[in-house]
Novice: 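Just passing along the structure, written as structure tokens.
Remember, predicted model here, so these are calculated numbers, not experimental data.
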Amino acid sequence: MSTSAKRACDACHRRKVKCDGGLPCRNCSQASLGCTFNTVPQKKGPKGSRAKVISELREAQRQTQLALKLNERWPIPPSQVLTPGLLTPEIVKGCMDFFFKHMYPNMPIPRREYLEQSLGSLETDGEAYCLVAAFCAFTIIQPGVNVLGEAAGKAAEPSAYPAAGSGAALLEEALRVRRTFDYIDNPSQVTVTTSFFVFGCYFGLEKHNIAWFYLREATTLAQILGMEDENTYAAIDAGESLVRRRLFWLLFVTERSEALASPWLHLAIYR
DNA sequence: TTATTCGGAAATTAAAAACA
DNA sequence: GTTTTTAATTTCCGAATAAT
């Protein structure tokens, strides 16, 4: 590794090139530039308290404790509660590919990373399971969607499980598993998102009364979470807070314009 | 082909924390 | 007090792009 100049001249610094430290330096001479050292270097090193890492660790531990407590209060659904062969990795993959390609621009929730992460814990995390099921149901229920066909670049093949690939079956599964834990008393952003997808499913199935019921449920859960309160955004990281904000406005817009919701939803649905 | 730009890895530096 | 850890800042490599 070559030795660094004790200080690069203003031009070399700006150009991000190695300065030989001469007066003028070789780069400045070649470029016919005045070789100056006018900029005052900033003070290096940390400023203020360095307790940031400790705070981060504390927060991480707090979140873990919280998750453990929630699990105590929401018994993890035993795997036999989940219908085997219904929410297959192929279905989830196909739905994610379709959703993030065609629908995400108009409905930028949830985060793809969250869904991908959830795949590893579907059997132990009831909330995640319900969200993924509702998400897939919503995607499949859109008219003209052939999730497996698009994912494989060919026509969908009949699955071993008769209801696999059926949006209605996945919707029913999400709602059934959801009833096994108390999501109303302990809502989270995931709960709200799930209710929103359930609303979208019923809307797609043309069951408008039930759809509005779940939209109201999503809004009420959002209210319980204080999503309208700007202070609740400060404590979470930027990516999470962005999705939270989007979700809030999605609910706000959808609820405030029930009459407009129909064309809006279908706008989101068709590309 | 040569010159220029610039993202970002590596090096440098200094403040805070840990240790003796 | 000295040493270690951490974070802010600088340097400049090298890939991408523009100019010739």
Side-chain angles (χ1 to χ4, degrees), chain A residues 1-71 89 92-121 124-125 128 135 150-151 153 188-190 193 225-227 229-250 268 271:
Chain A
M1 189 131 299
S2 61
T3 53
S4 298
K6 62 264 132 261
R7 193 173 159 199
C9 73
D10 298 338
C12 289
H13 178 244
R14 180 83 203 287
R15 296 172 64 193
K16 297 189 175 184
V17 290
K18 185 171 171 63
C19 184
D20 63 14
L23 251 179
C25 72
R26 202 193 309 267
N27 287 323
C28 286
S29 322
Q30 281 177 356
S32 310
L33 288 167
C35 191
T36 59
F37 288 82
N38 294 333
T39 50
V40 182
Q42 304 263 74
K43 278 233 170 188
K44 292 181 179 178
K47 293 173 174 58
S49 170
R50 257 177 43 193
K52 196 178 151 197
V53 174
I54 293 172
S55 320
E56 279 174 7
L57 286 168
R58 281 207 189 102
E59 178 60 17
Q61 286 187 356
R62 200 182 66 81
Q63 293 288 348
T64 312
Q65 294 295 327
L66 197 64
L68 283 172
K69 271 189 187 163
L70 285 178
N71 272 341
V92 180
K93 169 82 169 46
C95 287
M96 277 169 57
D97 288 347
F98 185 90
F99 180 88
F100 287 101
K101 187 172 168 193
H102 302 289
M103 299 159 82
Y104 187 78
N106 290 303
M107 194 182 290
I109 54 154
R111 285 202 286 181
R112 186 167 189 143
E113 310 93 83
Y114 175 80
L115 289 177
E116 277 166 353
Q117 264 175 30
S118 303
L119 294 184
S121 55
T124 53
D125 184 343
F135 164 81
E150 164 135 338
S188 70
Q189 203 165 304
V190 176
T193 313
L225 279 177
M227 283 176 73
D229 179 4
E230 189 57 31
N231 294 325
T232 63
Y233 291 78
I236 51 181
D237 76 84
E240 198 57 39
S241 110
L242 180 68
V243 180
R244 185 182 170 95
R245 216 179 284 280
R246 285 173 180 168
L247 180 58
F248 172 76
W249 284 108
L250 209 50
R271 251 185 305 269

Novice: Any salt bridge linking A:Asp10 with A:Arg14? Criterion: basic side-chain nitrogen under 4.0 Å from a carboxylate oxygen.
Specialist: no

Novice: Please confirm whether any donor atom in the side chain of A:Lys16 sits under 3.5 Å from an acceptor in the base of B:dG8, or the reverse.
Specialist: yes

Novice: Kindly check if the number of other-residue, nucleotide or ligand heavy atoms within 6.0 Å of CZ (A:Arg111) is above 12?
Specialist: yes

Novice: Rounded to the nearest 0.5 Å, how far does CE of A:Met96 lie from NZ of A:Lys93?
Specialist: 8.0 Å

Novice: Hey, could you give me the CG/SG distance between A:Asp20 and A:Cys35, rounded to the nearest 0.5 Å?
Specialist: 8.0 Å

Novice: When you measure from the side-chain N and O atoms of A:His13 to the phosphate of C:dC12, is any distance below 4.0 Å, counting only OP1 and OP2?
Specialist: no

Novice: If pairing requires Watson-Crick or G-U wobble contacts with both distances under 3.5 Å, which nucleotide is the partner of C:dT20?
Specialist: none

Novice: To the nearest 0.5 Å, how far apart are CG in A:Leu247 and CE in A:Met227?
Specialist: 4.0 Å

Novice: Between the protein and nucleotides 1-4 of chain B, which nitrogen or oxygen pairs come in under 3.5 angstrom?
Specialist:
none

Novice: Calculate the interatomic distance between A:Lys18 atom NZ and B:dA11 atom C1'; express it in whole Å.
Specialist: 11 Å

Novice: Between atom CD in A:Gln42 and atom C1' in C:dA8, what is the gap in whole Å?
Specialist: 9 Å

Novice: Any chance you could measure A:Ser118, atom OG, to A:Phe135, atom CZ, to the nearest 0.5 Å?
Specialist: 10.5 Å

Novice: Could you work out which one of C:dT11, C:dT10, B:dA15 sits closest to the side chain of A:Arg7?
Specialist: C:dT11

Novice: From the set B:dT5, C:dT10, C:dT11, return the single nucleotide nearest to any side-chain atom of A:Ala8.
Specialist: C:dT11

